[in-house]
Amino acid sequence: MYTDLLANLNPEQGEAVTLPPVNEHGQAQSALILAGAGSGKTRVLTTRIAWLIQTGQVSPIGVLAVTFTNKAAKEMMVRLSAMLPINTRGMWIGTFHGLCNRLLRAHHKEAGLPSTFQILDTQDQLSAIKRLLKGLKVDDEKYPPKQLQYFIAHAKERGQRARELAVGDDFQAKMAQLYEAYDAQCQREGVVDFAELLLRSYELLKHNEAIRTHYQERFRHILIDEFQDTNALQYAWLKLLSGHDGSPVNVSGAGTSAVFAVGDDDQSIYAFRGADVENMRLYEKQFHPLMVKLEQNYRSHGHILDTANHLIANNSERLGKNLRTDAGHGELVRIYDAPSDHAEAAWLIEEIKALVSSGIKRTEIALLYRSNAQSRIIEHALFSAAIPYRVYGGLRFFERAEIKHALAYLRLLENPNDDTSFSRVVNFPTRGIGARSIEAVQDAARAQQCSLYLACSTLDGKAGSALGGFVRLVDHMREATRHNTLPETVEFVIQHSGLIQHYLSEREGQDRVENLQELINAATAFIAEEGYGQDAAAAMLPGENSPGAVEVSPLAAFLSHASLEAGDNQAQAGQDAVQLMTVHSAKGLEFTSVFITGLEEGLFPHENSINELNGLEEERRLMYVAITRAKERLYLSHTQSRMLHGQVRYNMPSRFLEELPTDSLKWLTPKAKDARWGGGNSGRSSGSTWQDVYTRQRESESNDFFDSGSERERPAKQLGRVGSAATSVRRMASPPRGNYPFTIGQNVFHTKFGEGRVTSLEGNDADARAQVNFKRHGVKWLQLSIAKLAAVD
DNA sequence: AACTTTGCTATTTTT
DNA sequence: TAGCAAAGTT
């Protein structure tokens, strides 16, 4: 009975789940669910699918559900299987990229791709671009590979091919030309990058009426998670597939599909990678959805929620939403003003210790920061205090060099024309193929417009024989593994490529060898658990009639999987460790206690965001996301001085602190509230002079160790030294020597520029200058003999 | 081909 | 500061 499905929903969730997918005229009716943080959005989305299926409004075959991350897709399938006795594996539930890959595998011919096409991840794409620029003899100073990569990705995300770009100047014209050359190179090699997966499948649907109609008629219900994160191309894809793109309604007259979009405009924090909240407003206008707001929050206590609501109210152009809770006010939000980043870290340690001894699990404590660079000092302090911790982010399994090498060999078995893979391993492990030989193949390949692999056979002499050996090696591995299972193939390749041997002989190669062994396990697990078809085309429902559907080899499916799901990026459960991560990676997570650190102007909001269009509002949303991660306790901290890029910086407290409701706050350092403009002692609100800060830094550096190794978890282990005598001496030389009427960090007032804080001092006597960070006018150097500067006491 | 030195840069990240 | 990538040395 479907009433079971709805039993545990609140009224607004129930309303969202059961919105009629058809209007009074019998046409598809779309919906937009504005789901606040912690309002049960995933539950609503999943229950919606279950409800549609259970009430017979659609069969599992007719559902398409899109998410942004594999984790979200997986969770949806797990929850769905728990609600309904159906096999979710064959359902079209996945990421945009995963589903597009599936589509392109099934219709590779119509999409103009070889059946063995490979997927380039961001690293691969960059090396492909570097190779392209070298081949074309383009000055990579003038056209930096990274910039071209960004240029191409963003053009594709807007749905634009090179020829469709408006070129304003010579530079743009050249970039567009390089974009076109890049696409041609990918096409020749049989590879597609991430954005290409989307653009190519969009074009496939757009230009092939039979295929478009087939999928339009099939997917009568399309559901999208995190709708605020969609980019222009994803939105266009959605309009096309659902029949809302204004093109003639499909042949059978079946009309449009019902789209069920769930999102939160206040949590849109990915504009920098092409996401456009504007899509929510466009969707409102173009799909005429029924709207439901989920404002009941099940996560945070009252003061925390009030803080979040109060802050986000400073943004304009919101769709409008206010979270509420039944949980009661709970505790006040604590604010700590530290004299230095070291002091901030030391305070974190004390608070964490107190929380842990009060019975809170370490996994329930999150330390959040705006940028990764901030984690170092916190890790250092945690390590010294012997508190277990885990850092989110960093290299993932399939991104590790040794794994990418092994995958490159495997890819060459599938598709020898993949020049990116060829270049990666042609001389790794080294086999006497030097720069000369490689140049020779590249020339030959260019002359004959063929792949490096094919060009090898046209070479003779030294280069020819060395490269011939490599080609024979790859051919041999392909032949020898023809009838092997996937794990057997992987094992054969890591052995016979010489990778294992290479790393065994390397001093610190043991971890890499273990990772390579782990790759065999991953292949075994892939075959067993995933049925190898999840992200590829292989998993079709019985009786599914998809034109041109093909079986994909386990190897091809595994390679897709490796590209599309780079592996775990997050701390694993089980170990009771404090969780460290950026605010971005905290999205979607929740913790009993949350510390938001580094709340300083320039850091959070980040200085680079100030000049970006709507940058400040995005930073505020980021802060909103950070706050709403906390269930019971929230701590906010900022420091007066912080080491950044090798320099001590003096930042103002974040403006966001001033946007919080005073009634919900509790200052742990009483004067901090007024510290910004020098309440208390001579502008040094917590009683530290710059020299104090300096001394403290040296002290804390001198007596402990820190391992900055690559492992994600760092238990007590062999460590390296930080803060050598040499560094300390150099730093000692840097304090200003002159007699100044001000000290660094002091608050001052200027008749014209207003209030500011001294950030640097130099010169002597008549030449003495002070650098001042003004509240309104930014950073300025002032000649002390001329400027009318007054100390604020 | 392994090693060292220099040079550059420094939000946020998934696929 | 430090971390990586490219260029230079043995």
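Order of the sequence lines fixes the chain letters, A, B, ..., with proteins taken first and strands second; residue numbering starts at 1 for each chain. Source: prediction; values computed, not measured.
For the segment residues 118-126 of chain A, the set of residues with a heavy atom within less than 4.0 Å of an atom of DNA chain B comprises A/Thr122, in numerical order. Within residues 134-143 of chain A, no residue has a heavy atom under 4.0 Å from DNA chain B.
The shortest side-chain heavy-atom distance between A/Tyr624 and A/Ile269 does not fall under the 4.5 Å cut-off. Residues A/Leu589 and A/Met581 are in side-chain contact: their nearest non-hydrogen atoms beyond the backbone lie under 4.5 Å apart. Two residues are said to be in side-chain contact when any heavy atoms from C-beta on lie closer than 4.5 Å; A/Asp225 and A/Phe68 fail this criterion.
Contact annotation: A/Arg396 does not reach the phosphate of B/dT13 (side-chain N/O to OP1 or OP2, under 4.0 Å). One finds no side-chain N or O of A/Asn101 lying less than 4.0 angstrom from the OP1 or OP2 phosphate oxygen of B/dT15.
In terms of the side-chain contact (heavy atoms from CB on, under 4.5 Å) criterion, residue partners of A/Ala236 (sequence neighbours excluded) are, by chain and number, A/Tyr202. Take A/Ser465 and apply the side-chain contact (heavy atoms from CB on, under 4.5 Å) test, not counting sequence neighbours, and it matches no residue. For A/Arg629, the salt bridge (charged side-chain N to carboxylate O under 4.0 Å, His left out) criterion is met by no residue, not counting sequence neighbours. With sequence neighbours excluded, the residues forming a salt bridge (charged side-chain N to carboxylate O under 4.0 Å, His left out) with A/Glu590 are A/Arg299, A/Lys631, listed by chain and number. With sequence neighbours left out, A/Glu612 forms a salt bridge (charged side-chain N to carboxylate O under 4.0 Å, His left out) with no residue at all. Scanning for salt bridge (charged side-chain N to carboxylate O under 4.0 Å, His left out) contacts around A/Glu189 gives A/Arg131, with sequence neighbours left out.
A distance of about 16 Å separates the P atoms of B/dT12 and C/dA5, rounded to the whole Å.
Atom P of nucleotide B/dT15 and atom CG of A/Leu103 are separated by 19 Å, given to the nearest angstrom. Look at NE2 on A/His154: it is 12 Å from C1' on B/dT14, rounded to the nearest Å. Taking atom CH2 on A/Trp237 and atom C1' on B/dT15, their separation rounds to 14 Å, with Å as the unit. The CD1 atom of A/Ile433 sits 9 Å away from the P atom of B/dA1 (whole-angstrom rounding). In this structure, the CD atom of A/Gln149 is 13 Å from the C1' atom of B/dT13, given to the nearest Å. With rounding to whole Å, A/Lys71 atom NZ is found 14 Å from B/dT13 atom C1'. The nearest whole Å value for the distance from the CD atom in A/Glu196 to the C1' atom in B/dT15 is 14 Å.
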Expected rows: protein N/O vs nucleotides 4-6 of chain C N/O, under 3.5 Å:
from: C/dA6; atom 1: OP1; to: A/Lys130; atom 2: NZ; distance (Å): 3.0

Provide a list of protein-nucleic acid N or O atom pairs under 3.5 angstrom, restricted to nucleotides 9-12 of chain B.
from: B/dA10; atom 1: N3; to: A/His645; atom 2: ND1; distance (Å): 3.4
from: B/dT11; atom 1: O4'; to: A/His606; atom 2: NE2; distance (Å): 3.4
from: B/dT11; atom 1: O4; to: A/Glu612; atom 2: OE1; distance (Å): 3.3
from: B/dT11; atom 1: O4; to: A/Glu612; atom 2: OE2; distance (Å): 2.4
from: B/dT12; atom 1: OP1; to: A/Asn372; atom 2: N; distance (Å): 2.7
from: B/dT12; atom 1: OP1; to: A/Asn372; atom 2: ND2; distance (Å): 2.9
from: B/dT12; atom 1: O4'; to: A/Arg370; atom 2: NH2; distance (Å): 3.1
from: B/dT12; atom 1: O2; to: A/Arg370; atom 2: NH2; distance (Å): 2.6

Distances under 3.5 Å between nitrogen or oxygen atoms of protein and nucleotides 8-10 of chain C:
none

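Taking the centre of each ring, A/Phe428 and A/His502 come in below the 6.0 Å mark.
When heavy atoms are screened at a 4.0 angstrom cut-off, A/Gly432 is found touching the sugar-phosphate backbone but no base atom.
With respect to A/Arg424 and A/Glu402, no salt bridge is recorded, no charged nitrogen being found less than 4.0 Å from a carboxylate O. In summary, A/Arg621 and A/Glu618 engage in a salt bridge, as defined by a charged side-chain N under 4.0 Å from a carboxylate O. A/Asp193 and A/Lys156 are joined by a salt bridge, as a carboxylate oxygen and a charged side-chain nitrogen come within less than 4.0 angstrom of each other. The pair A/Arg400-A/Asp511 fails the salt-bridge criterion, with no side-chain N (NZ, NE, NH1 or NH2) lying under 4.0 Å from an Asp/Glu carboxylate O.
One side chain, A/Asn279 or A/Thr230, offers a donor N or O that lies under 3.5 Å from an acceptor on the other.
Under the side chain to side chain donor-acceptor pair (under 3.5 Å) criterion, the residue pairs touching residues 134-153 of chain A are A/Gln125-A/Gln149, with sequence neighbours excluded.
By the rule that a glycosidic angle within 90° of 0 means syn, B/dT12 does not qualify and counts as anti.
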